[in-house]
Q: 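Supplied in structure tokens, the structure appears directly below.
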Amino acid sequence: MKRILIGASALAGILGSAAAALADQPHPWQMRFQEAATPIMAQIERFEVYTLWFIIPITLLVLALLAYCIVKFRASVNPTPSKTSHNTMIEVIWTVGPVVILLFLAVPSFQLLTAQYNPPEEAKITIKATGNQWNWDYEYQMEEPLSFNAAILQEADRAAAGKEDMARYPRLLAVDNEVVVPVNTTVRVLVTAADVIHAFAMPAFGIKTDAVPGRINEIWFNAQKEGLYYGQCSELCGKDHAFMPIAIRVVTDEQYNTWLTAARTDLNGANRALMAAVDGTSPVAVAGN
Ligand SMILES: [Cu+2]
């Protein structure tokens, strides 16, 4: 018995650490959101649960009323149907009730919407993301700008890129050049497109906005957990719409600064050095010891 318990707790530990390492990614049969990495996504999750407290009772109430009416007022036991057409009390209740419910939903909903558009502080980094058919251009807007293209990681390039770990660099989500940002930093993303409408979406950050040619949409995030996060273009944009993922790597300030300096002259080298630094100290490696 004791052995079973030890085995079970070891298994739970392994599953727990594996889950932590992969918390930033979608997984098969996922029913809920990816784990929140920003305060906004946490707020979205809270609002979703809060909304369910209204939706579920209302659905059950309507279902119960329907069932009651179907049984009680069926034709076979009501040969002469009632001619009742108005009831003031019921009409007041079913007008005032929904209004009150909508108010309870509207207030936190507008609070969330306001928070999504108003970063609590001036963004420290501004990155412009331009959607192309079918990849993304990124431009770090600073005195000495840094720009690069990020496309889906081709299976043939996996080994050369050092991205053979399928758990960390999943098929259809991994890219050749990730966006790199420091943890606990407010980042502004200016989203636009060069050809057709795309959409920049990062589920764990709670951001999704259209990338429209000739327009700039502004969003922001403040990732509070290091890791590699994946999103996808979320607007049907042509035949390779499903093949233009978005990958953002959240690292420490120090790792970010080292990467940024190196990336200006050698992006590939900077990415390789960062991967060695980050993947070497990952939760997976620690759990394996
Ligand atoms: Cu697209």
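Note that ligands are numbered from 1 as they come in the structure, with each ligand's atoms numbered from 1 the same way. When reading the values below, keep in mind they use all heavy atoms of this one structure, side chains included, and skip hydrogens, waters and symmetry mates.
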Q: Below the 2.8 Å mark, what number of protein N, O or S atoms do you get around the Cu ion (ligand 1)?
A: 4
Q: Any chain of hydrophobic side-chain contacts (each under 4.5 Å) joining Val175 to Ile152?
A: no
Q: Check Lys128 with Glu218, please: is the shortest side-chain N to carboxylate O separation under 4.0 Å?
A: no
Q: Name the one of Lys163, Arg168, Arg272 that satisfies salt bridge (charged side-chain N to carboxylate O under 4.0 Å, His left out) with Asp279?
A: Arg168
Q: For Arg249, is there an ion pair with Glu226 - N to carboxylate O distance below 4.0 angstrom?
A: no
Q: Going by the rule side-chain hydrogen bond (donor to acceptor under 3.5 Å, both in side chains), which residues pair with Glu122 if we only count those two or more places apart in sequence or in a different chain?
A: Arg188
Q: Which heavy atom of Met244 sits nearest a heavy atom of Trp136, and at what distance?
A: O-NE1, 3.1 Å
